[in-house]
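Written below as C-alpha cells is the structure these notes are about.
Naming: A, B, ... by sequence-line order, numbering from 1 per chain. Not measured: the values here are computed from a predicted model.
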Amino acid sequence: MRGGRHADHEDGLAGLTPGTIFMEETTELLAVRRQKLEALRAAGVAPFGARFEITSSPGDIPAAFVEGVRVRTAGRITAHRNMGKSHFLDLSDSTGKVQIYLQAKEVGPEAAAIFEHLDIGDWIGVEGDTFTTKAGEPSVRASSFTVLSKSLRPLPDKWHGVQDTEIKYRQRYLDLISNPASREIFRKRIAIVAGIRRFLDDRGFIEVETPMMQRIPGGAAAQPFQTHHNALGTDLFLRIAPELYLKRLLVGGFTKIFELNRNFRNEGISRRHNPEFTMLEAYWAFADFEQMASLVEEMVCHLAMTVCGGHVIEHFGEDGAVTKKIDLSPPWRRARYSDLIRSVKADWYELGPEARREWCAANGLDISHCAEDFEVTQHVFEKLVEEKTMDPLFVTHCPKELVPLAKQNPDDPSVVDVYELIINGQEISPGYSELNDPDIQRARLEHQSGGETQKLDGEFLQALEYGMPPAGGIGIGIDRLVMMLAGAESIRDVIFFPHMRAR
RNA sequence: GGGUUGGUAGCUCAAUGGUAGAGCAGCGCCCUUUUAAGGCGUUGGUUGUGGGUUCGAGUCCCACCCAACCCA
C-alpha cells in the first residue's frame, strides 16, 4: 500500500478539519462512510489518491482477454460479492467492467485490513494477473490495490439503477454509473459526432468556429437569449444559428466548411426542444440543394452502418418490444411538397382559403393559430405528413413563404430550391441552394425584420455584395439525429445535462 | 400558459382515513471461484413544502415547488 497523510493536505481547507465540511446531511449511511474515510487516514492511506499508471481500462480487459497477463487497471467498485476470505469486485468505468478477485492471503493482512474500509462506489487501482474463473468470467487476481478516491455517498440500486427522471437528468453521473442503456446512448452520440467530423474531413470540408455571442442574432427565425458586455456597454445575444458568419467565410474563399456546435433559442422546452442544442451547418460552394441532399443521405447511412451496425434502426419500449422501425436503406424517397399535400387531400390546391380551413376543422386539426393561408397548409403538412413519416423523406419544392432565405426555383418562382429531410416523424435537416444575390437577400431580410433596422445584419449584406459563390448549405439537428439513431424518445435522453428548472 | 399523472428510507417500490413496510444498499456474524452470490441477525422515515378538514391524514381539501407525458 502506498500513500500517507502528507499526500492528503489539499483535502482540508485552512482551519477546517477534513471530513467536517459539506456535511449538510447527517444520515447514518453518510456517517458510516465518513468514519471509514477517517479510518483510512488513521491507517496512513490517502483516501483521495493521485497518479496511478494503468495498462488497461476495465472494459478493455474482457474485450481483448488474454489469460495470465500482468495488468494494472483502475475503476469504481460497482459490486462486491463477499466470500469470507476472498472477494469478487466489479470494477467499472465508461469502457465497461472487469471482475477483480481479491484474497486476503494474496494482498497480505495489512491491505486486507484496509480493504475493510472500502465501499461500493470507491475508486481503486488494481495490479494483478488475468485469469478465468470456474464460471468462465475473465477476471484479474489482485496482488495489490491502491485507494484512488473514497466515495462518501451510496450509489443507486445495483439492479434497478436510477429510475427517477429528475435524478437521471440532474445527476447524470448516477445515471451513467448505474444504467447501461443510458451509457449506450451517449456512446452512440459520441460516435456519431466523431463520425460526422471524420466523414466531412474525408471529403475536404474544414471545421471552422464562428461567434456564439452576436450583436445581431440572425440566420433563423427564433427568440435569442440576451446578455451584456460590461466593458463595451453593449447588449449581446447568444447565436440562434451560425449561418450568417459561415456565409461570410464563403465570401472569404473557404469553399467547403462546416461548424458543429451549440445554438441557443429562447423558446419552449419539450420532449424535442432544449434551450441549447447542437447543430451541424455545412456549406459547399458551387453545389446545390440536390447535392447536399445526397451528401446528407450518404453521411447518415454511413453513421447508421458504423454506429448502429445497419440501415434498419429499431426503437424499443420498456418491455423490450419493438416500438418503431426506421429503414434508412438508400436511395431515400424524394417528393415535392405540393404532391405530399395532394396525397392527403387530392384537390387541396383547388380549394379556397375558407374551404381549406373548413376541411381542417372537419378533420380535427386546430388551426386557430394560423393567420396566413400558407400556415394552414403547413399545419396540414406537419400533422398529416411529417408526423406520420418514419423512413427518410426529402421534401422538395417548398413554398417560398416557409423559407424566405432560399433561392427561388427558376421554373416555378412560388417554390424554393430547398429540401426538408424528415425521419422519425420530425424534421431532421433542411438543405438549401443558398441565396447569393445581395439585393434579393437585402429585400428579404428587410421584409423579415419588419422595418426594424437594428435587427438587420448590414455587415452580412455588405459581405454578400463582395460576391458569395453559389453554394449548397445544410443544417442537421444533432440531438434529433441521435434520438433517431440511438432510439431515444426524449431530447433529454441524448443531452448529458438537459436544462432543468432551479430547485 | 392549460390538462393529466407522480414525489414515501441512500436507491427501487408497497401501504381501505386507524401502529409507515419490503427488496437492494448499510451494519454485525458465517463462508477461499462468486457474478442480482448465499445463510442468520439488525439499523434506518419531518411521507416534496405550507395550510386546512378530522378523535385520527402518506391517504381527503386548498395553495405552492419539482418532474414526466399530452395540448397550445
Side-chain angles (χ1 to χ4, degrees), chain A residues 23-37 39 58 62 67 76-92 96-107 109 112 115-122 128-142 151-180 267-274 317-318 323 364-371 375 379 382-383 387 425 488-493 498-503:
Chain A
M23 276 192 73
E24 74 281 9
E25 295 172 66
T26 55
T27 73
E28 187 193 338
L29 289 174
L30 300 186
V32 166
R33 292 200 172 216
R34 292 279 174 182
Q35 286 160 15
K36 291 183 180 177
L37 175 75
E67 188 91 21
R76 186 191 293 278
I77 300 171
T78 49
H80 175 208
R81 294 175 289 280
N82 183 352
M83 298 293 297
K85 291 190 175 60
S86 66
H87 304 263
F88 291 91
L89 307 175
D90 286 348
L91 215 57
S92 309
K97 71 179 180 188
V98 66
Q99 178 169 267
I100 306 296
Y101 181 57
L102 192 144
Q103 294 177 98
K105 73 169 186 192
E106 195 87 28
V107 298
F115 182 78
E116 294 303 310
H117 302 130
L118 296 186
D119 282 302
I120 290 174
D122 294 350
D129 296 325
T130 56
F131 76 110
T132 307
T133 63
K134 277 181 191 167
E137 179 85 11
S139 306
V140 176
R141 187 189 308 271
S151 173
L152 299 177
R153 290 177 182 273
L155 255 39
D157 186 285
K158 66 178 176 184
W159 186 242
H160 301 93
V162 169
Q163 295 298 318
D164 187 307
T165 50
E166 266 198 86
I167 299 177
K168 273 171 73 83
Y169 300 147
R170 290 186 197 271
Q171 297 177 271
R172 178 69 80 183
Y173 46 91
L174 295 179
D175 181 42
L176 293 169
I177 289 167
S178 63
N179 294 329
E267 295 174 347
I269 297 177
S270 78
R271 202 165 59 80
R272 297 177 179 189
H273 298 85
N274 196 59
E318 304 227 335
T323 53
L365 296 181
D366 177 12
I367 39 127
S368 55
H369 60 286
C370 300
E375 292 175 322
H379 191 72
E382 285 173 4
K383 289 291 165 189
E387 288 186 11
E489 305 308 324
S490 169
I491 198 169
R492 300 180 192 97
D493 292 324
H499 185 79
M500 302 290 275
R501 242 177 246 266
R503 227 188 345 195

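- Here A:His160 pairs with nothing under the ring-ring contact (aromatic ring centres under 6.0 Å, His included) rule; sequence neighbours left out.
- Look at the C1' atom in both B:A20 and B:U46: the space between them is 13 Å, to the nearest Å.
- Under the Watson-Crick and G-U wobble criteria, each requiring two contacts below 3.5 Å, nucleotide B:C55 is paired to B:G18.
- Taking atom P in both B:A14 and B:U54, one finds a spacing of 31 Å when rounded to whole Å.
- Counted by atom type alone, A:Asp366 and A:Ser368 present one or more donor-acceptor pairs between their side chains at under 3.5 Å.
- Going from the C1' atom of B:C66 to that of B:U53 covers 26 Å, rounded to whole Å.
- Counting any heavy atom pair closer than 4.0 Å across all strands shown, A:Lys36 reaches sugar-phosphate atoms only and no base atom.
- For the side-chain contact (heavy atoms from CB on, under 4.5 Å) test with A:Gln99, the passing option among A:Leu91, A:Thr133, A:Val140 is A:Thr133; the others fail.
- Of the P atoms belonging to B:G26 and B:C11, the separation is 15 Å, rounded to the nearest Å.
- With rounding to whole Å, A:Arg33 atom CZ is found 13 Å from B:C11 atom P.
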- Can you give one letter per nucleotide of nucleotides 66-72 of chain B, going 5' to 3': B for a protein heavy atom under 4.0 Å from the base, S for sugar-phosphate only, - for none? BSSSS-S

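- The CD-C1' distance, from A:Gln103 to B:C31, rounds to 14 Å in whole Å.
- Searching all strands for a Watson-Crick or G-U wobble partner of B:U8 with both distances below 3.5 Å returns nothing.
- For the side chain to side chain donor-acceptor pair (under 3.5 Å) criterion with A:Asp90, the lone passing option out of A:His80, A:Lys158, A:Arg81 is A:Arg81.
- Counting only distance, with no hydrogens or angles, the side chain of A:Asn274 and the backbone of A:Arg492 share no donor-acceptor pair below 3.5 Å.
- Checked against salt bridge (charged side-chain N to carboxylate O under 4.0 Å, His left out), A:Glu166 has the following partners two or more places apart in sequence or in another chain: A:Arg170, A:Arg503.
- Between the CD1 atom of A:Ile100 and the P atom of B:U33 there is a distance of 17 Å, given to the nearest Å.
- When both pairing distances are held under 3.5 Å, B:C69 makes a Watson-Crick or G-U pair with B:G3.
- With P as the reference atom, B:C27 and B:C64 are 44 Å apart, rounded to whole Å.
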- Message: At under 4.0 Å between heavy atoms, how does the protein contact nucleotides 34-42 of chain B? Give one character per nucleotide, 5' to 3', with B, S or -.
- Response: BBBB-----

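- Taking the P atoms as reference points, B:G45 lies 8 Å from B:G10, given to the whole Å.
- Rounded to a whole Å, the CG atom of A:Asp175 is 14 Å from the P atom of B:C11.
- Straight-line distance from the CG atom of A:Leu29 to the P atom of B:A9: 12 Å, rounded to whole Å.
- Within 6.0 Å of the NZ atom in A:Lys97, the count of heavy atoms belonging to other residues, nucleotides or ligands does not exceed 12.
- Base pairing of B:G45 is not made with any nucleotide, judged by Watson-Crick or G-U wobble geometry with both donor-acceptor distances under 3.5 Å.
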Short N/O separations, protein against nucleotides 43-45 of chain B, under 3.5 angstrom:
| unit_1 | atom_1 | unit_2 | atom_2 | d |
| --- | --- | --- | --- | --- |
| B:U43 | O2' | A:Glu28 | OE1 | 3.1 |
| B:U43 | O2 | A:Glu28 | OE1 | 3.4 |

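- Using a distance-only test at 3.5 Å, with no hydrogens or angles considered, no donor-acceptor pair links the side chain of A:Asn82 to the main chain of A:His87.
- Using atom P as the reference point in both B:G44 and B:G39, the two lie 23 Å apart (nearest Å).
- We find that CD of A:Glu267 is positioned 15 Å from P of B:G1, with the value rounded to whole Å.
- Here A:Asp175 pairs with A:Lys168, A:Arg172 under the salt bridge (charged side-chain N to carboxylate O under 4.0 Å, His left out) rule; sequence neighbours left out.
- Between A:His379 and A:His369, the angle of the ring planes goes over 60°, which puts this pair in the perpendicular group of the 30/60° scheme.
- The shortest heavy-atom contact between A:His273 and A:Gly268 is CB-O, 3.5 Å.
- Rounded to whole Å, the separation between the P atoms of B:C55 and B:C40 comes to 47 Å.
- Side chain of A:Gln171 to backbone of A:Ile167: no donor-acceptor contact under 3.5 angstrom is found.
- The CG-C1' distance, from A:Leu30 to B:A25, rounds to 13 Å in whole Å.
- Listed for the A:Arg76 side chain is a donor-acceptor partner under 3.5 Å among the backbone atoms of A:Gly121.
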